[in-house]
Amino acid sequence: MKIATWNVNSLRVRLPHVLDWLSQEQPDILAVQETKTQDADFPANVFADNGYHALFSGQKTYNGVAVFSRNPGSERLTDPDNLDDPQRRILAASYDRFRIINLYVPNGSEVGSEKFAYKMDWLAKISEFIRRELERYPHTIVLGDFNIAPEDADVYDPALWRDKILCSPSERAAFQSLLKAGLHDAFRLFEQPESSFSWWDYRAAGFRRNLGLRIDHILISSALKPYCTACRIDKAPRKLEKPSDHTPVLIELDLK
DNA sequence: ATGGTGGGTAGCCCA
């Protein structure tokens with residue numbers, strides 16, 4: 001079983017890349033972020049034609065999340081009880097053997113800014129929500145664009161990024177607090193190449209020079225951890241013409 | 001040199 005996450009930075013623009021990737025990789029689940037597509041315009045029929053069910057929670061211009069899956073999902077949730085937020089950043093749903101929680105964590109702009117305060121508040125509330133979900137659904141995968149590089153090893157130049165947005169101690173503490181709820185960073189369960197990143201700035205030829213950060217993650221619950229057999233970053237889509245600035249991260253689960 | 005590029009959308013916001 002293959003499960004992936006990808007910030008596509010506009011589903012409309014990236015539709016050919018997403019369809020090609022689904023056809024090549026044949027994942028069971030693909031969670032995407034930054035669809036920038038309101039629900040009325042979501043191209044669900046295109047995915048149905050390609051053998052994928054789609055759940056989505058979108059808005060105009062900004063944000064938006066969706067989950068594509070071979071089998072239909074159920075118990076869709078977009079608005080946790082403790083989070084009153086018009087921004088479409090979360091989509092949870094249950095599949096045959098596990099629950100998926102797809103997150104588009106706020107970027108936060110700059111440490112200390114109003115958007116940073118929103119990010120930290122959002123993270124605290126989502127962390128509490130995830131704690132409750134884990135109690136109800138022990139087999140859970142939390143994945144998405146976390147907009148947090150958890151460790152210096154996840155940053156091309158840790159000195160340059162020290163205390164900066166995506167790398168600040170409070171963001172990293174929020175990430176650790178998520179793990180403490182009973183989740184594991186699948187990427188770090190396996191040996192990985194050095195300088196592995198999931199996002200590269202469009203500016204300053206970031207990808208060509210591998211000036212990236214690992215901010216897209218797949219966290220698996222303790223109950224699922226024994227069944228996770230691999231986790232990797234697929235850099236191929238980032239090499240295409242007009243790519244997203246993020247590239248897919250995926251895990252393999254051997255649930256027997 | 002607080003730059004640079006890209007998406008959505010119509011003069012900017014957001015990443």
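Fair warning: this is a prediction, and the values are worked out from it, not measured in the lab. Chain A is the first sequence line, chain B the second, and so forth, proteins listed ahead of strands; every chain is numbered from 1.
- Each of A:Ser109 and A:Lys242 was matched to the nucleotide of DNA chain B holding its nearest heavy atom; the match closer to the 5' end belongs to A:Lys242.
- Spacing between B:dT2 and B:dA15 at atom C1', rounded to whole Å, works out to 16 Å.
- Atom-to-atom, CH2 of A:Trp199 to C1' of B:dC14 comes out at 13 Å; the value is rounded to the nearest Å.
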### Task
Kindly determine whether A:Asn63 and A:Arg89 satisfy side chain to side chain donor-acceptor pair (under 3.5 Å), including the steps that lead there.
CA-CA 6 Å; A:Asn63 310 313; A:Arg89 297 180 174 277; 3.2 Å; yes

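- Note: CD (A:Glu34) to P (B:dG8) measures 10 Å, nearest angstrom.
- Each of A:Ala204 and A:Asn9 has a nearest nucleotide on DNA chain B; the 5'-most of these lies closest to A:Ala204.
- Spacing of C1' atoms, B:dG4 relative to B:dA10, comes out at 23 Å, to the nearest Å.
- Nucleic acid contact class of A:Phe207 (heavy atoms, under 4.0 Å, all strands): none.
- Among A:Tyr52, A:Phe47, A:Trp21, the single residue meeting the ring pair (Phe, Tyr, Trp, His ring centres under 6.0 Å) criterion with A:Phe68 is A:Phe47.
- Look at CG on A:Asp201: it is 13 Å from P on B:dA15, rounded to the nearest Å.
- Ion pairing between a basic and an acidic side chain is recognised when a charged N comes within 4.0 Å of a carboxylate O; A:Arg209 and A:Asp201 show no such pairing.
- Comparing B:dA1 with B:dG11, their C1' atoms are spaced 26 Å from each other, to the whole Å.
- Remark: A:Arg203 is not in phosphate contact with B:dG6, judged by side-chain N or O atoms under 4.0 Å from OP1 or OP2.
- Across B:dC14 and B:dT9, the matching P atoms stand 14 Å from one another, rounded to whole Å.
- Atoms NZ and CG, on A:Lys119 and A:Leu166 in that order, are 5.0 Å from each other to the nearest 0.5 Å.
- The phosphate of B:dC14 has OP1 or OP2 within less than 4.0 Å of a side-chain N or O from A:Lys115.
- Atom C1' of nucleotide B:dA15 and atom CD1 of A:Ile165 are separated by 11 Å, given to the nearest angstrom.
- Atom-to-atom, CG of A:Asn7 to P of B:dA15 comes out at 11 Å; the value is rounded to the nearest Å.
- Closest contact between the side chain of A:Tyr104 and the listed nucleotides B:dA15, B:dT9, B:dG7 involves B:dA15.
- The separation between A:Gln59 atom CD and B:dG8 atom P is 14 Å, rounded to whole Å.
- Here the P atom of nucleotide B:dG8 and the CD atom of A:Gln38 are 13 Å apart, to the nearest Å.
- Residue A:Phe116 contributes atom CZ, which lies 14 Å from atom P of B:dA15 at whole-angstrom precision.
- How far CG of A:Leu55 is from OG of A:Ser69: 6.0 Å, rounded to the nearest 0.5 Å.
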